[in-house]
Structures are given as structure tokens and as C-alpha cells.
Amino acid sequence: MSELENPNENIYSLTKDEEEILKPKKDFFIKGVLIFGGLFFLFSLYELNIDYANLLEGTGAFFAMLIDMFPPNISEWAYVLPAAIESLQVAILGTVIAVVISLVLAFLAAENLAPSLWVSRIVKGFATLMRVIPTIIWALIFIVAVGLGPLPGVLAIAVHSLGMLIKVFAQSVEEMDEGKIEALKASGAGWIQIIAQAVIPTVLTALMSWTILRLEIDIGESTILGLVGAGGIGWELMRAMRSYDFNSALFITMVIFIMIFSVEMLSNRLKLKV
Amino acid sequence: MNPILQIENLDKVYPDGTVALSNINFSVYPGEFVVVIGPSGAGKSTLLRCMNRLIEPTNGNVIFKDKKINQASARQVKQIRREIGMVFQNFNLIDRLTVLNNVLHGRLGYTNTIKGSLGIFSKKDIAEAEEILDRVGLKKQKYKRADELSGGQMQRVGISRALAQRPRLILADEPIASLDPASSKNIMDHIYNICTEDKITAIVNLHQVEVAIKYATRIIGIQNGEVIFDGQPSQLTDRIIDEIYHNRKPPLVHAQ
Amino acid sequence: MNPILQIENLDKVYPDGTVALSNINFSVYPGEFVVVIGPSGAGKSTLLRCMNRLIEPTNGNVIFKDKKINQASARQVKQIRREIGMVFQNFNLIDRLTVLNNVLHGRLGYTNTIKGSLGIFSKKDIAEAEEILDRVGLKKQKYKRADELSGGQMQRVGISRALAQRPRLILADEPIASLDPASSKNIMDHIYNICTEDKITAIVNLHQVEVAIKYATRIIGIQNGEVIFDGQPSQLTDRIIDEIYHNRKPPLVHAQ
Amino acid sequence: GEDADASEGEDGWPDKISYGVLPGEEDSEISRAHELFVKDMSEELGVEVELFQGEDYNAVIEAMRSKKLDLASFGPFSYIIAQERSNAVPFAVRAKSEEDATYNSWIVVPDESDAETLEDLKDKTILFADPASTSGHLFPRGIFIDELGLKNDEIESYFSSVSFSGSHDNSILAIAAGDADAAGVCSTCVERAIDGGMVSESDFRIIKESEPIPSSPISYRGDLPESLVEAIKDFVYNYDNETYFEQAGDVESRYIPVDESDYDIIRDTAENLDMSPEDLLSN
Amino acid sequence: MLNKWKRVIALEGTKDIRRHKRLQTMLIILLVIGLTVWSAIGTDFSVYEVFSGVGLISNFLFLDLLPPDVTTSGSLLGAILETLYMGFVGMVVGALIALILSFLAAGTTTPHPIIQVVVRAFTSIIRNIPGLIWALILVASYGIGVTVGTLSLILGSVGFLTRVFADTLEEIDTGKIEALNATGSSYLQVLAQGVFPQFIPGFVAWSLYNLELNIRASTIIGMVGGGGIGFAIQKGIKLFQYKEVSMAIILVLVLILSTEFLTSKIRERII
Ligand SMILES: Nc1ncnc2c1ncn2[C@@H]1O[C@H](COP(=O)(O)OP(=O)(O)OP(=O)(O)O)[C@@H](O)[C@H]1O
Ligand SMILES: Nc1ncnc2c1ncn2[C@@H]1O[C@H](COP(=O)(O)OP(=O)(O)OP(=O)(O)O)[C@@H](O)[C@H]1O
Ligand SMILES: [Mg+2]
Ligand SMILES: [Mg+2]
């Protein structure tokens, strides 16, 4: 407001010096990052030593193969559909378990709710480790414990999802308005009450959309687990690929696509609702 | 009469070294309507939050009804907080819950953990919450979601939540700073009338000197973390106001 | 003198069936400072947006300097828009760009696509933008990011952007609705003085009747999508105001 | 799988037998026949038999090791590891005759290559399938050691580059495309790729064939009750459901007995390559 | 009188809406519980089995996987760098392609609704076919190694980034676009001068996050012939060199943590 009241302001005309002072400082950090990023990209390309001739040729083969996959062979549906349902069940149960557990751990991981910064750091570190260990290794670990079949698949998916959900749930909680937590604290509410009555209602939308996104990812992940004897549609796909039955492979891929796509549609629906 | 709240040698130094309060001493007696004024950054919010230990004091005592809050256990703190209602500038309602549910949050301190977490409250609590809403003129809005209300309505819910605690003391931190003039008056009237009728002691932080003078039975002026005025509104001369605000006028926008 | 803008039998029905404008007819002559008033939802914004075809009219004609905007090709629409500056309630500046850059956006319509996209403007355009900024008292802020400014300053950048178009007509949709009283006056003074000095015709939507009366050379009152008053400020009696606002007073908050 | 110790019946038999199946690299196709096999076995033994099919032999070996799996079909190399790690005992292979119970490993080169002998491959590039493949790594590598008198650690320097393609399919495709100078692949896999239309016989030449490699055995876990093992063997050796054998690839094949010593050749080869179970599992 | 009725109807209305909403919530909760139970039955879920296996898990973890074999870190270094190169190239190329596609796919910026639908469908196919399947198809057409690894990371990045970029673009304040339209700017100018500056923070943040995803994904892609540390992990598992596998995983962890650290620094500066 102050400079509005200065009637002489228009008379001012910037001198060279003033111009210098006002000119925004060039941000060398961003420039540096851009240049470094560009160079690193070129360096990476060089190191990867990609065979561009092969890239062209392969693209031909790629499309030839895609065309070759048509039409889809649906004759195996009596095997594929139950397998798809099993994979879906593995993904749903794995996601649900992960959501339930991460709902507890996320509040310990969120800095604004954690009993101490250390608890938060430890839980977050734990979550990162769970994400970094590939699903397939988790599957192996659980196979040792419970044998082959869908159960180790469920556990592997649950643990791997847990790693991500703890992180994103905690992030949503941390982004929440501190005042709302304070308000309930001030009324004498306890930790659990604050979480149930203030935190969860506030971050519910975020939790729901993360959960659904995770379910989409988990349906994809459960296809990998077929390889390790967890059954499901992943094994059907491997079978088709190993038998060079590309038309069946296409059908299986379409089934997987439809499963994930319907979850995506569902999530769009819910987003509109909430 | 015994004071309801005593502040003794209170200091607050934030971890980054900011001295927000230094050596604050005063007592508040039942029935007082105390308004704390002071320029931005003076320490008003810090002082209020030390009173129910939302902020940990660095030194000194805060004594509520003969209990030292600053030495109380976590459990005791919760019990003391139940008796102190708090009203916020940004209302701090839970958007997605109903108005009634927000008011019932004032009863959480008296409800067992499981029931409270599930949002199950006794018939009596609900009847009382509805009565309070009636009192602030929001009976019809009780099933609305909190984020469907106007600012003035939200603050009335904020007040109702504090009242639901059946508090002995209400702390209000700039309750009208984000409201337009008309709503501001309405809110201050509500706070003042209810506190008077129910014999609730009130400590209110305000930016607006005019409003302070209009409602307060006692004004505390702080500046730079120290109390530099403590007296009746009539004793607050222009010279003292100037001194409190260090020749800075209180912001014009909210002047009434 | 030929009208600069003619509105003929203008209707606007939104896809959901809302009739926002029905059978609007008037002409605006060069040099007029027209203020459109009316209650919320009357159709003021819709009317203004139809004038530069940000909204497609359902029926009728909008004729700017003898060209029918509603029948113009995409290319012609762009050319017509260059000559019509627009000022928005929310300023609609690009936050992360500098003030100068935002003002230069007014020159995009005259700059070739590639250069404009890369943000490369001629020396002349830059000099002119600086001159405009000087005029609205923002010379020193020219290298600041737009989101570092206060509301009043942002609106002055919004006006500068419109001026950079060297417009024949300025449309302003509630340019002061999100500003405090002091900034509001400043902004209205700027718009009024510049339009008068540069002989730019102005059509301004306002909520505040007092402000309308103070600045307008002509007031158009609309209600429910229809023009129910069109005359000089002096002709605007309390009875007519009452009628326009249907016994609803214009909102109190902005009353000056 | 069911914990054998936890749920033994009267004669020490578990309530449920778990059978893990991996497609052997020599299997001409991955069939659905196992479901029939398992059903018949269950009827014969009067015990529920559960089937698990996968691609990953680690999973099967680990499951057997923690006693979550009773029967398993392994590739030859994975069997010798399973014997060491999980106490697996081989007892049957599916074949028309004893002579037929083997397959081979080939060293192949692109059709347009000049190479005629192993010596011609010096300083060329070679592809193996994957590190744990019997016919795609162990045996081809063994061929170079035996035929050229190289030591195991000289192989890397003998060629200009040694890499793993991940699978036999990838290897033969790479040879057909001329992306590598030579590759070690399994004979049946190449035949399968030809049948599948992925490559044609004119795309490559075979310059060396390995000794016969014994086929993938079915094994039982060593600590199963004697009587159960006998019953299983009895069922498997006499199994003659033609529908099954037709689906499995050859109507005329049956299960014939094998024992540990039939796989000595694998052990020796692995030993030469420092890939014996003792070497691998020592850490 | 009429007003009074209107009020009553309005009140009734809110009650109905409340009841309706509650019913809806209950239905959703029941559906979720039902699906969970159905899945638990279908997958033979048993809490008992999970807990009785804990001893076996710890055996496996502490005797087989741990401690990591530090001596192999030297030879794994090449593989982890390769993973970084693949992830980075995948991110850069993927982000550039997704940048263009997302402008076509976002309702606020698309030149034509039909283009929007086509691009959305296309990226949805890319996104919803799992990486493993892409890798299998790509291996069959391009052979093996880092080319395929990089290609499938690019595909994954395009699928993911197009979606999040488009979402970001749709959240952009349309008033600002209108303001530039009102000056007579052309489509490209509005995109470059009005939309892009608003889009930069989201663009940078999501791209950097995608780098992290790529590094993690390459542990899977390596397993089907995509090269990098994933292949090393796969090889380690197959040869039962579990201690080498845990070393490789630790290296991935270190790489992820360092990218996380670096990207948070960059994000801070740019936003
Ligand atoms: N968490 C914190 N960490 C460090 N310093 C803080 C913190 N909170 C407040 N401060 C500082 O403490 C001093 C007092 O702040 P306080 O919020 O109590 O002032 P106030 O009187 O309420 O001001 P306002 O009128 O702006 O609300 C200020 O200098 C402030 O910057
Ligand atoms: N995109 C739209 N779709 C449907 N109806 C609309 C749309 N935009 C505006 N309307 C309706 O058209 C009518 C006129 O709206 P308009 O925004 O022009 O009014 P206004 O006079 O500018 O109001 P305000 O003072 O609140 O800005 C209103 O009933 C409004 O709800
Ligand atoms: Mg404060
Ligand atoms: Mg409007």
C-alpha cells in the first residue's frame, strides 16, 4: 500500500545501477542442474551403447509380433479366467492387508503425529527397505515360510505395497493442517481419538485414491508372481509365451488390461464422487 | 477469591533461539474477560498456547486451579485441557464431518477412547451439543458438513466445540481475524454473552484495540514477549497504545 | 459517431439450460465509461465474456467496429481480441513469470507464434511495457515474480497487460472484488484515468453501486439476464437500485 | 503346502502331498497334463495331492527345503542343487526308452558365419542362456573346457565377450539375427522355437553337439515315510493314462526309473566349472 | 407460506441426502469386506500359517541372505551404474514424450476432444499392461540387454508420466488461460506462455519421482533380460548366491536414497 501513496513515484526512472540491482540474479543452481542433467543424459546414452540399427530392425519385429498376436485366442478361457480371478484375489487381499497395517504405521511415520522424530525415521526407513526389495524376493522369502501357492503371493504383495503406502499415507498426513490436530488436542482428546476423529476424516480422500492406485499396481505385480509358483494369470502368460502361443498371450494380456483398466475407471468414478 | 489461572515467571525460547516470552507474571480470576493485545510477533499466541501446554514453556509455571500444568503427566494434561476450551483463528474444524460431530469433539476428553474414536457419543452429549448449537443459532445447520458453512458460521461451530467441553476457561486466539466486520461483531458478542451467562473466564487475543476496549474487563498489553500493560480498558491511554504498538498502528483492515 | 460495440438481440443459454442472457440490446460509443451492475448471477460476467467471444453466444450479434465477432473465423477472432483488453477479478497473472513478462503477454497477439512462445519480444514492445509499468507505479517491480506482489499490485499488472495490447476497448470483470478498500480506489482511479487519457472505451462490471456512480458515464443495470436500466448515473434512483437488486442490497462487505 | 511333521496320519503319511512342477528346459511344451496326473495320483494313493506350477526353481527348492513341498520335477542342474540343499531324491523321468531319456546341448553359429570348428570361435562373441542352465551354460562351457583344453577361468578371455541372454529362446533369436557369433543352446528348445515359427532351420548351423544330458527327473523329499515313497513310485512307474502322456507330448512315453548316479555327469561337469552344489551353497 | 414449504422440502432433502450417503458408505464398506473375504477364501489365507512360518523366515533372512557379501560390491558397481543410466535415459526420453502426449490428453489443453480420447486410450494401454509383459514382448523383438531394459522403462515412464502430467495440467487455473486467450494469443503461445510456466513445478517433481520408480523397476526388468542390477540379482538368486543378492539390494537402496536426497534438493530450488 505504501508506494501507492507516493505521488512522486512515476517521476522515478531507473538508472543503470538500479537496473543492475533489480535484475533477477541468474540462478546458477538450476542452470547447473540442467547442464549436468543434459551431459549425464548423453553420457548415459554413450555408456548404454544402444545399437540403433537393431532398434530400427527390432521395431519392425515388434510390430510384426504385435500383428502376429492377432486375433486373440480365447479358447483357453476356462483356464485363463479362474487364473485371472486368483490373481485378482491375490492383489485385493495383499492391498487390503497393506492398507490396514500401513494405516497404523503411517501415523507413526508422519512427523506431526509420531511420538518422536526417531520413531518416524525408523518407520520410514523400514518402509523404504520394503519398497526396494523386489516383490520376487519377498515371494521367495514367504515361500520358505508358507510354501508355494497364492498365499506367499498375497504376503509379498502386502509387504511391498506396505512400503509405498506408509510413505504416501504419512506424506498426506504431514500435509494436513496442523491446527486441526491442535484443536482436538486442546479439547483433551487422546492420540487415537485425534487420529480417528481429525486426521482420518481430513485425509480420507487422499488415502482412498492412493489405495486404488496401489490396487492397480498390485494387479500388475501379481502377474509376475505366477513365475514363482504363486499361480494365477502370470503362469498362464508364461505358458503361452513359452509355447509360442502368442494369440493366447494376447488374450491373457487383454484380460489383465481389462482388470487394471476397470479399477482405473472405478477410481475416476470415486474421484468424481468424493 | 482464588485465581483460576496463575502465570509465574514464564519464559519461552523457541529451539531456533527466538525469545518469544520472558518473565511473564499475572493471575486471572474467575469471571474475568481478559483481552491480550500487542503487535504481530509480540508473543500473544505463544502465551495462550503455553496456558494449555500446546507449547512446552521453557521456564516458569502455569497453574490452573492449583495444578501446575507444566509439571503434569500426559494424563493429567488431558484432564486439565478438558476444562479449558480453545477457539482458533482458522476455526480448525474437520471439514468432512458434520457440524454436530465437530461440536461433539469437545466431549472427546470425557469419552472413552474406543467410543470416541468411533464417533459414538452418549445421548446426553448429543442433546447438549444440539442445545449449544441452538444457542449460537446453528440448529438448522447441524447435519451440514463443516466446509459448507460461511466463515462466521464456522467460528460459531468452533465456539460450540469449546463450550461442549463445559469449560471453566476459554482461550481464544484471534477468533475474528479472518472474519468480515459484521461476522466479527456477531462472534465477539457470542463469546462475550456466553462467557458472562455461564460464568466462564475468557482470555482472548486480539489485534483490534477498539474491539478489546469494547469487550474486555481487563487488558494485557504485551510487546516483545513482555507484559507492558495490565489494567482496565479505561486505563489504556493513547500513549500506552502507541507504546505497545511501538508507534506502529494496529492493522487498518480490521478497524471497526 | 459510430458505436464501437453493438449488442443485438443477444441470448445466452448454457448447456445445462440456464438462461444467462436474454435479448440484450445496446450500443457503446467511443469514450464511454460504462459500468454494468446487477445482483450475483444476473449475467454480468456472461455478457462481458460474450463481447470478446470467450463464451459463444447462443443467439444475436456482437459487433465490434463493424465486424461481427460471433461470425468471425478463429483467425479474425484473435485479431479482434487484440484490440480488446480484458481485466479480471482474480488478475489471472502467470505466477512464476516476471511482472514485465506478464505485461508483455499483452503483445502476444501481435508477435509471431514462435517468438511469442519462446517469450522473445521486440525492443519496442519491451520499452513500451516498461513505460506502462512506470505509469501504474510498478517500474521497480518489473523483475519480480508476479506471485510476490500484493493484490493491488497484481491488479495493476493486469491492467498493464491489457494496456500493452493498445486496446480500443477495455473489459473489466469486477476488477476490485478481491481487493481491500484502499487498493480498490487506487485501481479504479488507474482504470478511469488511463481510459480517459488514452481515449479507451471501458465496460466494467461492478458489485458496488457507490463506486459505479462515482466513475461511470453510463450505467447498465441487469437482472436475470435482462437489461432493466440503461442511463446516466444521475438517473439511477434508489427505487431503481432496489429494483435491480430485487430488494437485495449489494453485498455489505465491499461497501465503501 | 502342508507341514509333514505337523499332520501325519497313522502310517506317518501326510494329509496332503504337494507337488511342484517346473517346465524342464527340454520339455517340448508346457502342458496342462499335470492336473490329470495329480488327480490320478490322488485317487490311487487316497491322499490329496496339490499341484504348484511355476518358472522359478529357487522357489521350488526353497519350498522343499522348508518341508513345504514333497514332490518336485526339476531340471537336471537344479536337481543336483536340490539334492544338496533340500534332500531331493530322483526316481523317475518321462521317456520312451532309457536311450530317449536324454537331450543334448548344441553350439550353434549363424548360418552365414565362417566358423566350422570350436577353434574358429576364438575371440568371437558367445552367448549362454542363463547362468544356471544345464544345456545353455554348463554343458556348452564344459565342451570348450574338454575339447580345447581350456581352464574354466580361461573361457572369459578366450572369447571377445561372454554374455547371458536370459533364455534359450533369446539365444537362438540372437544367432538368427546375427547379433552374436555363437551360442550354447539346448537341442529341444531350438526344435521348439522352429515349430513355433520363431526361427527357421536355415538361420543357423550346429558345429558341436554335447554328450547326452539326462532329462529332468521327478524327485521326492528324502525324509518322506518309506511306505509313502514306495506307493508313489509304484503309482508313477505303472502310470499309463494315455490321455496324460498324449497331452504331455508323446503317447508312447512312460515314466522310467532313474537314480542319483544317472546325474553324475551333471555333477562332474558342474564340478569342473566350480558350480557344484558345494561351491554354490558354501557361503 | 410457499417459502415455509420450500424450507421444509429443503430440510427433508438434506435428510434424504444424508440417509442416501450413509447407505452408500455402508454399501462400499460391505463391498470391500465382501471382496476381502472372497479373496481370503480364494487364496487359502491362514494367519496361523503365516505366524508359524516366522522362524523359517528368520532362518532364511539371517542365515542365507545376511550378511551381505561385501566383496562382490566391486563387480556389482558396473551393474548398478548401468541401472542408473537406464533409469535416467528412460526418465528423460519418457518425460519428453509424455510432455507432448499430456498436452494432447488434458482437457484444458487438448486441441480437440477426439485427440484427447485417442491419446488417453493409447497411454492407458501402455500403462495398464504390466512392465513384465512389455519386457517379454520387447525381448522377443529387440533381443536382450540394456536396449530392451531402456525401452521398457521408457514405455513405463510414458504411461505413468502422461497420466500425472495430464492430471496436473487439468488442475491448472483456467482463468489464466482465458486471460491469454483474451489478448488474442495463438494456441501455441497460450501453451508456452500461459500453461507451461504453471506446469513446470509439477513437471519437474513428477519426472524426478519417475527416476526413482525407474530405478526400482529395473530390478524387475533385469530379470527378463533387461540388463543392469536386475540381471545381477536374478543371477545371484539362480546360483544361490543370496549374500550377493542382498549386497545388490543394498546398492539399490543406496542409489534410491541418494536420488531421493538429490531430487528433494532440486525440487526445493525449482518450486
Ligand atoms: N515454532 C516457532 N519456532 C520459532 N519461532 C517461533 C515459533 N512460533 C513463533 N515464533 C516466534 O515467536 C515470536 C512470537 O510469536 P507469536 O506467534 O506468539 O506472536 P503473536 O503475538 O501471536 O503474533 P501474531 O499477532 O502475528 O499472531 C515471533 O517472533 C515468532 O516469529
Ligand atoms: N458454465 C456455466 N454453465 C452453466 N451455468 C452457468 C455457467 N456460468 C454461469 N452460469 C449461470 O449463468 C448465470 C449468470 O452467471 P454470471 O456468472 O454471468 O453472473 P454474474 O452476474 O457475473 O454473477 P456474479 O456477480 O456472481 O459474478 C448464473 O445463473 C450462473 O449460475
Ligand atoms: Mg498469533
Ligand atoms: Mg461474475
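Order of the sequence lines sets the chain letters (A, B, ...), proteins ahead of strands, with each chain counted from 1. For the numbers below, each heavy atom of this structure counts, side chains included, while hydrogens, waters and symmetry mates do not.
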* To do: Any chance you could lay out the side-chain contact (heavy atoms from CB on, under 4.5 Å) test for E:I129 and A:F261, step after step, and finish with the verdict?
  => CA-CA 9 Å; E:I129 290 178; A:F261 189 69; over 6 Å; no

* Under 4.5 Å from a heavy atom of chain A, the part of E:L35 involved ->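 Both the backbone and the side chain of E:L35 come within 4.5 Å of chain A.
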
* Asked: Side chain, backbone, both or neither: which part of E:L257 has a non-hydrogen atom closer than 4.5 Å to chain A?
  ->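 Just the side chain, heavy atoms under 4.5 Å.
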
Which bit of [X] comes within less than 4.5 Å of chain E, counting heavy atoms only: side chain, backbone, both or neither?
{"X": "A:L237", "value": "side chain"}
{"X": "A:V90", "value": "both"}
{"X": "A:T95", "value": "neither"}
{"X": "A:L213", "value": "side chain"}
{"X": "A:F40", "value": "both"}
{"X": "A:V144", "value": "both"}
{"X": "A:L45", "value": "both"}
{"X": "A:I97", "value": "side chain"}

* Check: E:E82 main-chain N/O paired with A:E47 side-chain donor or acceptor under 3.5 Å ->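 No: the side chain of A:E47 does not pair with the backbone of E:E82.
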
Pairs of donor and acceptor atoms involving the side chains of residues 227-234 of chain A, under 3.5 Å and at least two apart or interchain, shall be tabulated with distances.
none

* To do: For E:V37, check side-chain contact (heavy atoms from CB on, under 4.5 Å) against everything at least two apart and list the hits.
  =>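 By the side-chain contact (heavy atoms from CB on, under 4.5 Å) rule, E:V37 matches E:I33, E:I41.
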
Kindly indicate whether the side chain of [X], heavy atoms from C-beta on, has any atom under 4.5 Å from the side chain of [Y].
{"X": "E:S246", "Y": "A:I137", "value": "no"}
{"X": "A:F41", "Y": "E:V93", "value": "yes"}
{"X": "E:L253", "Y": "A:I133", "value": "no"}
{"X": "A:F257", "Y": "E:S124", "value": "yes"}
{"X": "E:M86", "Y": "A:L48", "value": "yes"}
{"X": "E:W38", "Y": "A:I85", "value": "yes"}

[X] side, atom [atom1]; [Y] side, atom [atom2] - distance, nearest 0.5 Å:
{"X": "E:S39", "Y": "A:L88", "atom1": "OG", "atom2": "CG", "result": "6.5 Å"}
{"X": "A:I141", "Y": "E:Y242", "atom1": "CD1", "atom2": "OH", "result": "10.0 Å"}
{"X": "E:W134", "Y": "A:T253", "atom1": "CH2", "atom2": "OG1", "result": "9.0 Å"}
{"X": "A:Q89", "Y": "E:T36", "atom1": "CD", "atom2": "OG1", "result": "11.0 Å"}

* To do: Kindly check if the number of other-residue, nucleotide or ligand heavy atoms within 6.0 Å of OH (E:Y209) is above 12?
  =>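 Yes, OH of E:Y209 has more than 12 neighbouring heavy atoms, counting only those of other groups under 6.0 Å.
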
* To do: Could you tell me whether A:K124 atom NZ has more than 12 heavy atoms of other residues or ligands within 6.0 Å of it?
  =>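 Count over threshold, so yes.
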
* Asked: chain E: which of A:L55, A:T128, A:V263 shares the most heavy-atom pairs with it under 4.5 Å?
  ->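 If we count pairs closer than 4.5 Å to chain E, A:L55 comes out on top.
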
* To do: Look at A:F63, A:F246, A:F43 and state which one has the largest set of heavy-atom pairs under 4.5 Å with chain E.
  =>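 Most pairs with chain E among the choices: A:F43.
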
* Asked: Based on non-hydrogen pairs under 4.5 Å, which of E:I256, E:I125, E:L138 is most in contact with chain A?
  ->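 Of the options given, most contacts go to E:I125.
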
* A:E221 bridged to E:R216 by N-O distance under 4.0 Å ->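 No, A:E221 and E:R216 are not salt-bridged.
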
* Asked: Any ion pair linking A:E264 and E:R127 (charged N to carboxylate O, less than 4.0 Å)?
  ->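 A salt bridge links E:R127 with A:E264.
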
* Asked: Can the ring centroids of E:Y85 and A:Y46 be said to lie less than 6.0 angstrom from one another?
  ->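 Here the rings of A:Y46 and E:Y85 have centres that are no less than 6.0 Å from each other.
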
* What heavy-atom pair brings E:A40 and A:L93 nearest, and what distance separates the two atoms? ->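 Closest approach of E:A40 to A:L93: CA-CD2, 3.6 Å.
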
